[in-house]
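Heads up, the thing below is written out as structure tokens.
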Amino acid sequence: MDTGTIIIGLTIFVLACFAGAELIAKVPPTLHTPLMSGSNAISGIAILGALLATGHPESFNSISVIGFLAVILATINVVGGYLVTHRMLQMFKK
Amino acid sequence: MDTGTIIIGLTIFVLACFAGAELIAKVPPTLHTPLMSGSNAISGIAILGALLATGHPESFNSISVIGFLAVILATINVVGGYLVTHRMLQMFKK
Amino acid sequence: MKLAVLKETEEGENRVALIPDSIKRLTQKGFTLLVEAGAGSSAGYSDQEYEQVGATLVSSLQELAAQADCVVKVRPPSLEEAVMLKDSSVLIAILQPTLRHDLVRTLTAKQITAFGLDIIPRTTLAQSMDVLSSMSTIAGYKAVLLAADTINRFFPMLMTAAGTVSPAKVLVLGAGVAGLMACATAKRLGGVVEAFDVRPEVKEQVRSVGAKFIEVPVSEDGSGGGGYAKEMSDEYKEKQAELISRHIAKSDVVIPTALLPGRKAPILISKEQVQSMKPGSVIVDLAAEMGGNCALTQPGQTIVAHGVTIIGHPNLPSTMAFHASQMFSRNVEKFLLYLCDEKGFRMDMNDEITRGSLVTKDGKVFHELTSRLMAGKSQ
Amino acid sequence: MKLAVLKETEEGENRVALIPDSIKRLTQKGFTLLVEAGAGSSAGYSDQEYEQVGATLVSSLQELAAQADCVVKVRPPSLEEAVMLKDSSVLIAILQPTLRHDLVRTLTAKQITAFGLDIIPRTTLAQSMDVLSSMSTIAGYKAVLLAADTINRFFPMLMTAAGTVSPAKVLVLGAGVAGLMACATAKRLGGVVEAFDVRPEVKEQVRSVGAKFIEVPVSEDGSGGGGYAKEMSDEYKEKQAELISRHIAKSDVVIPTALLPGRKAPILISKEQVQSMKPGSVIVDLAAEMGGNCALTQPGQTIVAHGVTIIGHPNLPSTMAFHASQMFSRNVEKFLLYLCDEKGFRMDMNDEITRGSLVTKDGKVFHELTSRLMAGKSQ
Amino acid sequence: MSQHIINLIYLLAATLFMVGIKYLSSPDTAKKGNFLSMIGMAAAIGATLAAPEINGFTLIIGGIFIGTVIGAYAAIKVKMTAMPEMVGLLNGCGGAASALVALAEFHGNSTGFVPFTLLTLLLSLIIGGLTFTGSLMAYAKLQGLIPTRPVTYPGQQIINGLIVLATVALSWLVFQDSTNILTIAGVLVLSLGLGVLAVIPIGGADMPVIICLLNSYSGLAVSMTGFALSNNALIITGSLVGASGIFLTKIMCDAMNRSLANVLFSAFGKVDESATATGEIPAQTMKGGEVEDVATILANAQSLIIVPGYGMAAAQAQHATRELADYLGEHGIEVRYAIHPVAGRMPGHMNVLLAEADVPYEQLFAMDDINDDFAATDVVLVIGANDVVNPAAKTNPASPIYGMPVLDVEKARTVIVLKRSLNVGFAGIDNELFSMDNTMMLFGDARSSLQKILATLKK
Amino acid sequence: MSQHIINLIYLLAATLFMVGIKYLSSPDTAKKGNFLSMIGMAAAIGATLAAPEINGFTLIIGGIFIGTVIGAYAAIKVKMTAMPEMVGLLNGCGGAASALVALAEFHGNSTGFVPFTLLTLLLSLIIGGLTFTGSLMAYAKLQGLIPTRPVTYPGQQIINGLIVLATVALSWLVFQDSTNILTIAGVLVLSLGLGVLAVIPIGGADMPVIICLLNSYSGLAVSMTGFALSNNALIITGSLVGASGIFLTKIMCDAMNRSLANVLFSAFGKVDESATATGEIPAQTMKGGEVEDVATILANAQSLIIVPGYGMAAAQAQHATRELADYLGEHGIEVRYAIHPVAGRMPGHMNVLLAEADVPYEQLFAMDDINDDFAATDVVLVIGANDVVNPAAKTNPASPIYGMPVLDVEKARTVIVLKRSLNVGFAGIDNELFSMDNTMMLFGDARSSLQKILATLKK
Ligand SMILES: NC(=O)c1ccc[n+]([C@@H]2O[C@H](COP(=O)([O-])OP(=O)(O)OC[C@H]3O[C@@H](n4cnc5c(N)ncnc54)[C@H](OP(=O)(O)O)[C@@H]3O)[C@@H](O)[C@H]2O)c1
Ligand SMILES: NC(=O)c1ccc[n+]([C@@H]2O[C@H](COP(=O)([O-])OP(=O)(O)OC[C@H]3O[C@@H](n4cnc5c(N)ncnc54)[C@H](OP(=O)(O)O)[C@@H]3O)[C@@H](O)[C@H]2O)c1
Ligand SMILES: NC(=O)c1ccc[n+]([C@@H]2O[C@H](COP(=O)([O-])OP(=O)(O)OC[C@H]3O[C@@H](n4cnc5c(N)ncnc54)[C@H](O)[C@@H]3O)[C@@H](O)[C@H]2O)c1
Ligand SMILES: NC(=O)c1ccc[n+]([C@@H]2O[C@H](COP(=O)([O-])OP(=O)(O)OC[C@H]3O[C@@H](n4cnc5c(N)ncnc54)[C@H](O)[C@@H]3O)[C@@H](O)[C@H]2O)c1
């Protein structure tokens, strides 16, 4: 990994932090829990890393076991997260 | 310029657009003009391009003339923009 | 210029035309003030107070009248008083010229310049001199207090451990100054207040004091062709009368206030309508002095007819003589300062207020309705 | 059980103990109701209305008293009336037992079970039966109306073309139910209202109706050592008295309402304090019936002393007989339903309300203060 | 699929996540936001699966299947009241996944990393591990599996400090030799321990904040993984979640009137006093309402009955009351007032004040006329009343007010009580209404509470 | 300086710009924001100057010197009232600079570009050029150098359409051969023309919005330049300005009650009717105030006198009046009421209503007691009064109310009048107060205006 890539990564990191912080600035308290839950589901994006770790080798080895576990956990996070968020939002009428 | 760079550029573009739009969402009307003026000063960042265009060649040629003009105009934008903004903000007490 | 303040002689009149406060300011402006002894006492202003601000106390009316260039009074002078006034002097008072032709004749005979406080034009500019406005304010307020004090029930709604007391329904007929003040006061006391007036523009004003304006709901066919307008209007009036009858029957307190300038008050409440009211209800007739808006009103008396108490007090402002005199005095002061300075009267006959309030001058009657009426009578 | 409603005989008493509305409900519950003819007429409830709801009209008191198991009344019965009551029957009325020893003696002699509406314990639970509360509400309201109607000035502030009218200053002494209601009503009318009470906890209540509580500004040294507390307290009381004097002198209307249960009212306004007031001011003494809170009060009369009108009306609720009777009746109804059903009285002597309101029973006096006072007298 | 296209899809996914979060912050659009965010996730996963690096699908499909089943089951079965702990658990899974990915990366690479990559991998490992156990602890505390109260013991701070030091030291060793799986495992173990120890001294009432904070951490972990894998999707999304999470944490702290520093600090061992105090208030029995929650409840009601009491008078809150009622009325909510006969301190006290504030008589109802309507009412707003809404008058024969008719407010769907404290009223008796399930207390002077509610509604 | 460090500094600069913009959106931090943004700019320029590509400094220093002198002079000399047009002018310079940079890039490269770079360069050229002339037009309109009213002529839309088509066609030619400087110049000329024609049909009153939009465009141009030069600083900053500018444009349109589409559309030739109407209201003579502006004025006042009139009564706005006064009082502003003796329709009308709304008597002042104080008062709020504040009573002997004492409201620093229209009052005469320099009209029902002001203040 070269320094240029790191700097670009940092640039993206800073911008995304700004966007993330600003996006959330006006959320009402009743939405705190759904929002937390929704962004928790998003953080299940770690699944991409898990997929890459698991899909890499053709053979079955300790890495793929770790990756497999990671896929399971990340999937739970993603699927559970979105569903839970959805259920909470169901409760809001109007 | 390769496609990877373009995509990274686009990524940055999108993130910055989000950040820009969200940053401004809560501005009160009295600050419309200073804000416009302040962001206008920032857009004077075009001066970087002008500098790069002017500083390139050692010799004096038509490009450097164009660049020179660009530097002047961009500097006017930057300096004038910040000063004007500052003067407007001076008017706010408290 | 010598101004004289007379003591009121009419029965039940407690007010005084100028209070010490005004006299102080007039004296400072250079006027000389003579005050009949005891003039302010029934309104709560002692002779001492008058002397302190520089007025000269004079004990006899005769003496006073002989000296004064201008005499101010609240009520119209009696004929005897009028006779005593100095010839060609100025008189300022409520004069009721359309009713008191004898008085007007006496004044013309004595070449007196008489201004009627009750006929000052009701313009924005003249409002500070307008005693009708200020006295109507008092009458409207006091009418409600009288009603509340007379009726055997609460004005406000109360939900208590001893049950719920329903609010009194108050109906005000005629929403001029007195009517609006009555509405506002009854509203303050917690009554449910409705008002009606023939002038449609007061609807907004009635609402502005928190009362409801009674109006006939205009049916859609009302907006039909022009030819039917007249016919509609009659039907409309009928509906209106009926509507008001219904509201009278429902009301606990009715306060009619309709006056017609210079004439007998219109009858707004018939005997039948009184009968339709609940026993114990109260009518305070603010038009009592001009004959009353209620057919059964006995001016000057409180009677009970068909279980309804009808109060015909002719002079409510006088019952609040302290503030009534203060306001009256302020009006008179503004009027005086408008008409004259310490040297004398300007008599600018092009001025709307001067011309409008002038009743007699140089032996002539200037008030048109009066002269028309007097001419009519002598025919 | 047969309940009888008597017509009031006391001078100036217009109320009736039960109105048709209550009678209707009681009849539905199985009570038999006898009503003396004309009992409700002065309160605005006709005999017809009573008959319509199922009451039996009885024209003579004697006949009525002979039949009834329980007699209800507003005011204490006169001795003649008491004698007519059936032996061992029940009487419910305002009894004032601490004052009317003769009456109490008559009742014990006749073995009558007498409940005093005026001595019901003032708990949250008993509030729906508490005639003192409901009648105080009326008295407080009416006192202000009387004052406003009597005084020669406005209550509200008005800024008009005829000058600015300053608001009336109203001082309420004693902030119980009547006092609070007086504060609220005067405030509604636009007065500037202040109140004082010896109980410090009512400060918040006074403020809650928009009035100002008068209090001695506590100086910092007040929080000194415990030993000085008593001394401070005397000095404090003096300061307080002086403060109240100053406020009385400034006030246009003073409404004292302080009562001591079962005893003569305390004097809160001395002759000197009356003299310090402006001529034209008004005092409405709500304690008039118990001797008055003002030294000059003549119970039952309106007098003018040192230019101050002092109203000593002994029975303001009676002037609003319609609503007063409605509330009284509701209280009596709740009280009856609490004490008995259509078969008879429960007489649960462990019950606070039953025990607390019982004056005589089986020839014995149950009200302690009364028996103490009667014993004291007979010693 | 070419890497460029995959990256473009990642950009699209990130955009969808941002729009999703934006939408999630308003009740009107929240559902749509969640949906958009799902689409983004699906797109990102799909693109990754199409990446050239991925050749074996058996494990992936198996893993996704198992994860889906578990996740969906848990999400569907969980009770609405257990949502916060559920989120905590899910978040723990995310953290664990990050840590595992880092571990796999360490494991699969025997040639060593450039320092930056190593740093990010380590951070990913530590933060992921800490998030995992921390979330589990939060879950256990909220479920009552371990004591909810702050657990403290002597020397706690020293022990925590030592563990942090040990983690740093081991990490340094990893920097020296990134192939030694033992040191790496050591770091992981220490970070797992750190998660436990960080959460244990925090009271159960603070757990939602902790979960939110840990959510932010897991975002951070993801973004570190992204740096390590040079994957922009992970960087963007991770930092998005990290930043929004930390911000949300701050907002939640503000709403609890505590500083973020306070929470962060107590999260590292110091026994924070206010946390203890919070732990002692029986949070289960008394629902203290936030102004915003009250406002939301009112805004979503169809019918409202206002019950004024002496406290409204004492606070002179009649005008504020009418203003709120007017506002709600204008927004289509049916507003009525229930006047108890003895409310206040004089007969008609409430009437006088409400009339002064211009409340129309038509909206006032005496107790007898409205008592049956409470059961069909969405929300009752009790403003400084106490005795007149005390159910003891109906249920407790020993109560001094037993037998007095009272307003049946507790029959309404939700009761909101505005009061300054839990103090008694005139009759001096406790009121169990305040601890009922459907009651929400908003403490504070009635006038200012009403003004705050209105201001919040108008926002 | 290494390119990496330069890029890091660029990132820092971009961060400072973002923080700067964030701070600019609140009055309390705006100055700091501008300052931070300046630092960012200085850092970015410094870093660029240290870049290896830059070897010759003469022209650069000369250019910066000249630009600084002109920019500073213009910024210092410009009158406060001419600020919007000044911003327009400066923005035009920025646009021109972008276009020139693109031109230089075209000019300096004889080998051709990849299509993406070519596209971004062309866009930079077109948008920059359009921004330049558009801004000049806006400046000229605001300065009154050309007619402020919308200029229209037959076939305008067709002509504009043709020019757009021509621009596209020429651009296509550039794509074929990017070394032909003639076609490139043609594109530039056409885009300059487009700028003129796009702004000419828009009324002067809309110019601030147009300037804001053009500002957004110039950001876009910068960001295109950034793509062309692969310069992330330009991309970030340009898109930041572009996005915030378009958003601000929308906010400004909302404040004017017009849609962005409406402005964008009329900007391309169609004569928009509401624009015409706006142009016809004598904006110079009657300052229509926005609720927000009124709120800001009130919030910044030290002393306020409220003058109620019949309109307050008719609107039943007494409660709303007191609420506003209470709020301002609580925030340290001295509030008094000036009651004219004949205000309203009956003697004491104002008193009755204000007392009902619980306004303390101490705050009410009769005309004579307060008339001298207006001159030393920051703000007068006239609520539905007309005749009683009509200066004609003092100045115009021909007026029917000449001689009546009136409230000297016009002596205060600022007068805000709440009314529904310019209609006359009871006396039926016009009121020149409404068109005085220090008067701001807020049209609408008094009650709802007051409520809006209060809601805005509370935000
Ligand atoms: N109506 C009458 O004629 C009358 C006369 C005398 C007595 N009473 C008695 O008074 C009681 C009336 O019942 P109620 O429910 O109206 O009143 P309550 O039972 O006395 O309760 C009033 C409540 O208001 C709260 N409060 C006080 N000031 C407040 C403020 N500024 N802001 C918010 N809350 C405030 C107090 O709680 P916090 O301290 O926690 O805030 C208190 O618990 C009954 O017991 C009745 O018998 C009535
Ligand atoms: N005080 C008295 O006793 C009395 C009695 C009778 C007559 N008058 C006369 O009445 C006048 C009083 O002066 P003033 O300044 O109080 O009133 P005014 O001159 O009559 O003006 C009132 C203004 O209020 C505005 N308005 C009406 N409804 C409104 C609403 N809902 N919201 C906002 N504004 C509203 C009207 O303008 P828009 O239509 O543009 O909104 C009108 O111009 C004097 O001329 C006086 O002589 C007084
Ligand atoms: N310019 C000023 O500043 C000023 C000052 C005071 C009064 N005024 C105006 O003068 C007018 C009269 O005031 P006023 O109080 O002396 O009036 P008034 O006492 O002469 O009459 C009272 C009201 O009764 C109404 N009325 C008459 N006949 C009626 C009927 N048959 N049924 C119902 N209502 C009837 C009238 O319309 C009037 O509103 C009002 O319009 C008032 O606004 C103006
Ligand atoms: N529990 C209930 O629901 C209920 C119902 C009604 C009344 N009460 C309570 O009963 C109490 C008495 O009410 P009330 O109106 O019948 O009182 P009251 O008529 O007996 O006395 C009126 C007031 O005068 C005050 N007072 C006495 N001496 C005074 C003096 N020297 N100077 C100044 N003030 C003096 C008293 O403190 C009292 O507040 C009040 O506290 C009231 O709240 C309770």
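Note that these values count all heavy atoms, side chains included, but never hydrogens, waters or copies made by symmetry. The chains referred to below are lettered A, B, ... by the order of the sequence lines, with proteins before strands, and numbering in each begins at 1.
Among the residues in residues 182-190 of chain D, those with a non-hydrogen atom closer than 4.5 angstrom to a non-hydrogen atom of chain F are D:K187, D:G190. Residues of residues 149-177 of chain D that come within less than 4.5 angstrom of chain F, heavy atom to heavy atom, are D:P156, D:M157, D:L158, D:M159, D:T160, D:A161, D:T164, D:P167 in numerical order.
Both the backbone and the side chain of F:A366 come within contact range of chain D, judged by heavy atoms closer than 4.5 Å. With a threshold of 4.5 angstrom between heavy atoms, F:D368 does not approach chain D through any atom at all.
By the neighbour-count criterion of 12 heavy atoms within 6.0 Å, atom NZ of D:K250 is densely surrounded, having more than that number from other residues, nucleotides or ligands. Within a 6.0 Å radius of NZ in D:K278, more than 12 heavy atoms belonging to other residues, nucleotides or ligands are found. The environment of CG in F:D445 is crowded: more than 12 heavy-atom neighbours from other residues, nucleotides or ligands sit within 6.0 Å.
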